[in-house]
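These notes are about the structure you will find just below.
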Amino acid sequence: MFNSKFGSSPKFYVRAPGRVNIIGEHIDYCGYSVLPMAVEQDMLIAVEPVKTQTLQLANTNPLYPDFSTSSNNIQIDKTKPLWHNYFLCGFKGIQEHFGLSNLTGMNCLVDGNIPPSSGLSSSSALVCCAGLVTLTVLGMNLSKVELAEICAKSERYIGTEGGGMDQSISFLAEEGTAKLIEFSPLRATDVKLPSGAVFVIANSCVEMNKAATSHFNIRVMECRLAAKLLAKYRGLQWGKVLRLEEVQTKLGVSLEEMLWITEDALHPEPYSPEEVCRCLGISLQELRTQILSPNTQDVPIFKLYQRATHVYSEAARVLQFKKICEEAPDDTVQLLGELMNQSHASCRDMYECSCPELDQLVDICRKFGAQGSRLTGAGWGGCTVSLVPADKLTSFLANVHQAYYQRSDRNLTFEKQSLFATKPGGGALVFLEA
């Protein structure tokens, strides 16, 4: 197909995997550790550097139209999360990191088998893939950590205020192990998963594109506001505080103590922008221009207590999950499953990032043998991840397929990609032979 598109052959290939987040939802952008693993599904780009300064992109999927632009005038339209903009994010990130102009052009054919808008990070895999493509064409070198940090930053060109988990696991993943990803500084630690159980991904078939919706960015802002109110309540200099983790670090207390402080400092009733201003002693104009992002300026209410409670409790669950994996007691699978179930309840009730189909799918997965089941990814659609004892896997897959996917409308969208067991896969790489 490359030849028919460009009349030539690719010189090299780059792949970057999608990921499933086992536990630790919506906390990376609050500064807390998460626990993902790479999946075997990936983005693959075939690349030919060219002498012109034209970037030509094509996709094996006819739903995604070809795109061409000058490699020296990259414009990313935040209003439309079109597929090629994710490639441009990775390209521009590397270009800006090295401060380069007069970049060489390239022909790229993109292929991928990560279901889009499913919470398995297809968009970040494309950003990472494009970043590694650009680095390779330039003949430059960066560490995996540097690449992950550049790609995390550059994905924000599309308007998503993500936290860096997706790009980090795409580069730092290793086959056979999940990773505890910690931030500031970015580092990854192996987490050995229990041998007697498998992780199964099930797609709710409800698509959610997080750059196309304000839900995600509103949550980021609610966490930021909660951090500022908590900091002010405890007499900290709240002006520079952006993340909930900073409040805990500055106070030098445990996550459990942060939950108590949240109980004292914040009320469960939603906050209006005016009340936030009163609490912080600032004007509405200051709130809008100095704190809120452009796409959250017209939000009428903020649920600060609920969001902070989710983040601090979820951060604690990540650490408990890692500890149980390390200690490997006899009831490991049951204990890990309970943490996953608690995580889903918190995502549903406190963070409000679930949807009826995800809740139904989680219930079905538990009914047919999952020890734990939860939404994974941003939520509001996308996938669930379930921890299933290995000896129940065959009957689990058959029963979930029948109970959730046999309904006529979902059966049309059902593919092998919709329900599958997965093992931790390897990270992004460059290779010369297809």
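Position 1 is the first residue of the sequence, and the numbers go up from there. Because the structure is predicted, anything quoted here is derived from the model rather than measured. The analysis underlying the following values was restricted to heavy atoms, covering all of them including side chains, and did not include hydrogens, waters or symmetry mates.
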Whether the side chain of [X] engages the backbone of [Y] through a donor-acceptor N/O pair (distance < 3.5 Å, no angle test) should be reported.
X	Y	answer
S168	A148	no
H344	L375	yes
E257	S254	yes
E338	L335	no
T296	S293	yes
S121	G18	no
D111	L44	no
N85	I76	no
T177	V191	yes
D166	A125	no

What residues, two or more places apart in sequence or in another chain, satisfy side chain to side chain donor-acceptor pair (under 3.5 Å) together with [X]?
X	answer
N113	none
S184	none
T52	none
E174	K179

Is the shortest heavy-atom distance from the side chain of [X] to the side chain of [Y] under 4.5 Å?
X	Y	answer
Q56	D66	no
L82	D77	no
C279	Y233	no
C365	Y404	no
L225	L287	yes
L336	Q371	no
I45	F87	yes
R234	L230	no

*Does the distance from a Lys or Arg side-chain N to an Asp or Glu carboxylate O, for E352 and R348, drop under 4.0 Å?*
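Salt bridge between E352 and R348, a charged N being under 4.0 Å from a carboxylate O: no.
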
*Give a yes or no on whether a salt bridge exists between K323 and E327, defined as a side-chain N under 4.0 angstrom from a carboxylate O.*
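Yes, K323 and E327 are salt-bridged.
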
So, [X] versus [Y]: side-chain donor-acceptor pair below 3.5 Å or not?
X	Y	value
D359	S354	yes
Q75	T69	no
S170	Q167	no
Y305	E263	yes
S418	N203	no
Q342	S346	no
R374	S343	yes

[X] atom [atom1], neighbour heavy-atom count above 12 within 6.0 Å:
X	atom1	result
E175	CD	no
Q237	CD	no
D298	CG	no

Just verifying a value: how many Å separate [X] [atom1] and [Y] [atom2], rounded to the nearest 0.5 Å?
X	Y	atom1	atom2	value
L180	D190	CG	CG	10.5 Å
L339	K322	CG	NZ	14.5 Å
I94	T136	CD1	OG1	9.0 Å
Q248	L244	CD	CG	10.0 Å
L304	M221	CG	CE	11.5 Å
H310	C223	NE2	SG	8.0 Å

Between [X] and [Y], which heavy-atom pair has the shortest distance, and what is it?
X	Y	result
T376	N21	OG1-O, 2.8 Å
S373	S386	OG-OG, 2.8 Å
I27	A315	CD1-CA, 3.7 Å
G164	A152	CA-CB, 3.8 Å
S154	G93	CB-CA, 3.7 Å
C128	C151	CA-SG, 3.9 Å

What residues, two or more places apart in sequence or in another chain, satisfy salt bridge (charged side-chain N to carboxylate O under 4.0 Å, His left out) together with [X]?
X	value
K423	E40
E256	none
E222	R219, R307
E182	R187

*Going by the salt bridge (charged side-chain N to carboxylate O under 4.0 Å, His left out) test, which pairs reach into residues 123-148, not counting sequence neighbours?*
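Residue pairs with at least one partner in residues 123-148: there are none.
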
_For a side chain to side chain contact (heavy atoms under 4.5 Å, CB included) check, start with the C-alpha distance between S122 and M43, then their side-chain angles and the critical distance, and finish with the verdict._
CA-CA 7 Å; S122 57; M43 283 287 170; 4.0 Å; yes

Test of understanding: with ring-ring contact (aromatic ring centres under 6.0 Å, His included), list the residues that count as partners of [X], not counting sequence neighbours.
X	answer
H26	Y29, F216, Y351, W380
F183	none
Y271	H267

*asked:* Assess the residue pair R278 and E274 against the criterion (salt bridge (Lys or Arg N to Asp or Glu O under 4.0 Å)); give the C-alpha distance rounded to whole Å, side-chain angles, the decisive distance to 0.1 Å, and a yes or no.
replied: CA-CA 6 Å; R278 281 198 303 277; E274 291 76 10; over 6 Å; no

